[in-house]
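Because the structure is a prediction, the values reported are computed rather than measured. Throughout, numbering of the chain's residues begins at 1 and tracks the sequence.
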Amino acid sequence: MRELAIEIGVRALLFGVFVFTEFLDPFQRVIQPEEIWLYKNPLVQSDNIPTRLMFAISFLTPLAVICVVKIIRRTDKTEIKEAFLVAFSGLGFTTFYLAGKLHCFTESGRGKSWRLCAAILPLYCAMMIALSRMCDYKHHWQDSFVGGVIGLIFAYICYRQHYPPLANTACHKPYVSLRVPTSLKKEERPTADSAPSLPLEGITEGPV
């Protein structure tokens with residue numbers, strides 16, 4: 001319970017840092033005369049995907065997917081706790097999460113196209129959001145491309161902090177639930193003092 005409180009506290013602190021930096025005055029870059037043409041974009045009155053909706057999709061989609069998986073298949077308490085800790089990670093994390101749950105890259109899940117399509121769907125939505133930002137002249141393609149690469153790298157790092165590799169046979173289970181049976185087996189393993197003794201009546205020691 002203490003570790004859970006620490007994890008929630010760290011994530012709350014990181015979110016506070018994000019909100020603080022979001023309202024800081026932006027850096028004003030001096031645009032040289034020869035690159036003015038690059039910034040002469042028309043003003044779009046209505047965005048294809050508004051900024052608030054974009055953030056809501058990015059933050060709430062992983063939580064919604066985890067809840068749906070919880071309803072479809074029963075999961076233990078340790079996985080539910082772990083899921084809520086890593087829920088707010090973005091559409092890239094959702095892709096890795098679904099790929100692990102559906103065993104897209106293991107022997108049991110390879111060759112089944114619907115699993116791969118279901119796992120790639122959140123990543124496809126992220127690509128559509130990036131393209132819409134370019135269509136609305138909010139970002140250059142370099143910004144969207146570099147931002148997407150950085151987002152995928154950090155999403156995979158966050159995923160691997162809590163789940164095994166996608167090619168692992170137990171990729172659908174978090175590390176927390178995988179550690180629980182091991183600790184139980186160690187507790188149930190009989191020691192030398194508590195091991196049942198065999199009856200020794202009628203047994204005599206033979207010559208050495």
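- With rounding to the nearest 0.5 angstrom, the NZ atom of Lys138 is 10.5 Å from the CE atom of Met54.
- Taking every heavy atom of both residues into account, Gly90 and Pro62 meet most closely at O-CG, 3.3 Å.
- Looking at Asn48, its side chain never comes within 3.5 Å of a backbone N or O of Asp136 through a donor-acceptor pair.
- Linking Ile, Leu, Val, Met, Phe, Trp and Tyr residues whenever their side-chain heavy atoms come within less than 4.5 Å places Phe18 and Phe23 in a single cluster.
- Of all the heavy atoms in Glu35 and Val30, the pair that sits closest is OE2-O, 4.1 Å.
- Listed here is the closest heavy atom pair of Ala119 and Leu98: CA-CB, 3.9 Å.
- Ring geometry, Tyr163 versus Tyr97: the interplanar angle exceeds 60°, so the pair is classed perpendicular (tilted spans 30 to 60°).
- The distance from the CZ atom of Phe55 to the OG atom of Ser58 is 7.5 Å, given to the nearest 0.5 Å.
- A 4.5 Å side-chain heavy-atom check between Phe15 and Arg11 finds every atom pair outside the cut-off.
- Trp114 and Tyr124 sit in two unconnected hydrophobic clusters of ILVMFWY residues. Membership requires side-chain heavy atoms under 4.5 Å apart, directly or through other members.
- In this structure, the side chains of Leu152 and Thr95 stay at 4.5 Å or more apart for every pair of heavy atoms.
- Atom OG1 in Thr61 sits 10.0 Å away from atom CG in Leu121 (nearest 0.5 Å).
- Contact between Ile129 and Ile49 at its shortest, heavy atoms only, is CG1-CD1, 3.6 Å.
- In terms of heavy-atom proximity, Ala155 sits nearest to Gly92 at CB-C, 3.8 Å.
- Tyr159 and Phe96 have tilted rings, their planes meeting at an angle from 30° to 60° on a 0 to 90° scale.
- For the atom pair OH (Tyr137) and NZ (Lys40), the distance works out to 14.5 Å, reported to the nearest 0.5 Å.
- Considering every non-hydrogen atom in both Cys171 and His103, the closest pair reads SG-ND1, 3.6 Å.
- At distances below 3.5 Å, at least one donor-acceptor pair connects side-chain atoms of Arg115 with backbone N or O atoms of Leu102.
- In the hydrophobic clustering of ILVMFWY residues, with side-chain heavy atoms under 4.5 Å counting as a link, Val10 and Tyr175 come out apart.
- Neither Tyr156 nor Val149 shares a network with the other; the hydrophobic side chains, linked directly or stepwise wherever heavy atoms of I, L, V, M, F, W or Y lie under 4.5 Å apart, form separate groups for each.
- Atom CE of Met128 has more than 12 neighbouring heavy atoms from other residues, nucleotides or ligands inside a 6.0 Å radius.
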